[in-house]
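Just so you know, residue 1 is the first one in the sequence shown, and it goes up from there.
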Amino acid sequence: MIELNDIADLISSMGKAEKRFFKMTATTEPGDVTSLVALFDEVEKDSGNLTRLQKDNFYAANHYNDLYLLILRSLRGYYAESNDDYRIKDETINLRCLIDKAQYKQCRKMLIVLKRELYEREEFNCLLKLLDLEKKLIAFEDGKDLKQKPELIANEEQLVINKELRLVSYYRMYLKARAIHGADETQLESMLSEPMLSDYYDALSLKERVFVLLTKQLLFKKLNRINEADKIEQLKQDLLAKHDFLKEYHNNILV
């Protein structure tokens, strides 16, 4: 059972933007949440002295539970709005809706923009889903070159699959390095000399570069070659600083 102190702790942990978002989204909730918003305001205003609210008995225990859940729902929405992965999923759903409503021209415009972004962010798995949507879209579009489009999309799809498979191979290489235990210098040095780590760095995709740098840094640390590991760390930070989307990707890898 949620208590008033639990609500006060949660509200005190929220930032100004999160609280503002709560106030905005509360008005869109089904049903009357006026009393819950009022309770939110009172706790926020007087969180250091909850005795008065507890003595008044104006709010029942179910108010505490309902407000706590409402705040959590608002926080999920807040971070979903600010997270690119959630936004991309929403935009893909929007495209499906436009196809269902026969809004093909608008769907094509939005698809082109989203497709460009996915290529820039190297979201190959999402691209495959988008290409599936494009296959459905061309069945309804007018134009003289429709016969060629399915073949072009099939070729593009295969290229994207190949990119995703390459990325998976670099991820496996990183996991292999993490799995090495002990000070087996021969194995560590052998891995450092593998072509995937030593050749054509500039020709790699950005996400592949992240895996190369993470793997080399890890191997250098296990070999106690700290200066070289520090140089790799600087290269990695420079790469992440140039491409914001890589920061979240990098952090997810380390989890």
Asker: Indicate yes or no: at least one non-hydrogen side-chain atom of D230 is less than 4.5 angstrom from one of F220.
Answerer: no
Asker: Are the side chains of Y249 and L206 in contact, using a 4.5 Å heavy-atom criterion?
Answerer: no
Asker: Could you give the side-chain donor-acceptor pairs of residues 157-165 under 3.5 Å, partners two or more places apart or in another chain?
Answerer:
from	atom 1	to	atom 2	distance (Å)
E157	OE1	K135	NZ	3.1
E157	OE2	K135	NZ	3.0
Q158	NE2	N162	OD1	3.1
N162	ND2	Q158	O	3.3

Asker: Taking E122's backbone N and O only, do any of them form a donor-acceptor pair with K207's side chain (distance below 3.5 Å, no angle check)?
Answerer: yes
Asker: Just how far is it from atom CG of L118 to atom CG of L114, taken to the nearest 0.5 Å?
Answerer: 4.5 Å
Asker: Can you see which heavy atom on K222 is nearest to which on A177, and at what distance?
Answerer: NZ-O, 2.8 Å
Asker: Supply the atom-to-atom distance I112 CD1 to C107 SG, rounded to the nearest 0.5 angstrom.
Answerer: 10.0 Å
Asker: Keeping the roles fixed (side chain from S190, backbone from Q187), state whether a donor-acceptor pair exists under 3.5 Å.
Answerer: no
Asker: Hey, are Q234 and D238 close enough side-chain-wise for a donor-acceptor pair under 3.5 Å?
Answerer: yes
Asker: Just do the salt bridge (Lys or Arg N to Asp or Glu O under 4.0 Å) check on K105 and E141 with the steps written out, would you?
Answerer: CA-CA 8 Å; K105 288 184 179 180; E141 287 180 315; over 6 Å; no
Asker: Please determine whether a side-chain nitrogen of the Lys or Arg among K236 and E233 lies less than 4.0 Å from a carboxylate oxygen of the Asp or Glu.
Answerer: yes
Asker: Once rounded to the nearest 0.5 Å, what's the spacing between atom NZ of K23 and atom CZ of F40?
Answerer: 5.5 Å
Asker: Could you report the tightest heavy-atom contact between A8 and V43, atom names first, then the distance?
Answerer: CA-CG1, 3.6 Å
Asker: To check you understand the geometry: which heavy-atom pair defines the closest contact between L192 and S198, and what is its length?
Answerer: O-CB, 4.2 Å
Asker: If you define the side chain from C-beta out and look only at heavy atoms, does anything of M14 sit under 4.5 Å from I71?
Answerer: yes
Asker: Which heavy atom of L36 sits nearest a heavy atom of L67, and at what distance?
Answerer: O-CD1, 3.5 Å
Asker: Where is the tightest heavy-atom contact between L111 and L95, given as atom of each residue plus distance?
Answerer: N-CD2, 3.8 Å
Asker: I need the minimum non-hydrogen distance between L240 and K247, along with the two atoms involved.
Answerer: O-CE, 3.3 Å
Asker: Using the salt bridge (charged side-chain N to carboxylate O under 4.0 Å, His left out) criterion, which residues pair with D6? Sequence neighbours excluded.
Answerer: none
Asker: Report yes if some heavy atom in the side chain of I11 is under 4.5 Å from a heavy atom in the side chain of I7; otherwise report no.
Answerer: yes
Asker: If you group Ile, Leu, Val, Met, Phe, Trp and Tyr by side-chain heavy-atom gaps below 4.5 Å, do L69 and L75 land in one group?
Answerer: no
Asker: What's the separation between atom OG1 in T215 and atom CZ in R172, rounded to the nearest 0.5 Å?
Answerer: 14.0 Å
Asker: Would you give the length of the straight line joining atom CG of D66 to atom CZ of R73, rounded to the nearest 0.5 angstrom?
Answerer: 9.0 Å
Asker: For Y174, what residues pass the ring-ring contact (aromatic ring centres under 6.0 Å, His included) criterion, not counting sequence neighbours?
Answerer: none
Asker: Quick one: does any side-chain atom of T92 pair with a main-chain N or O of I88 as donor and acceptor, under 3.5 Å?
Answerer: yes
Asker: Hey, what do you get for CG (D132) to CG (L137), rounding to the nearest 0.5 Å?
Answerer: 12.5 Å
Asker: Decide side-chain contact (heavy atoms from CB on, under 4.5 Å) for L72 and R76; before the verdict, give the C-alpha distance in whole Å, the side-chain angles of both, and the deciding distance to 0.1 Å.
Answerer: CA-CA 6 Å; L72 289 178; R76 287 199 302 272; 4.2 Å; yes
Asker: Looking at E189 and R225, is there a salt bridge between them, counting it only when a charged N and a carboxylate O are closer than 4.0 Å?
Answerer: yes
Asker: Kindly say whether L133 contributes a backbone atom to a donor-acceptor pair with the side chain of R96 at under 3.5 angstrom?
Answerer: no
Asker: Check whether any side-chain heavy atom of L235 sits under 4.5 Å from a side-chain heavy atom of R209, and report yes or no.
Answerer: no
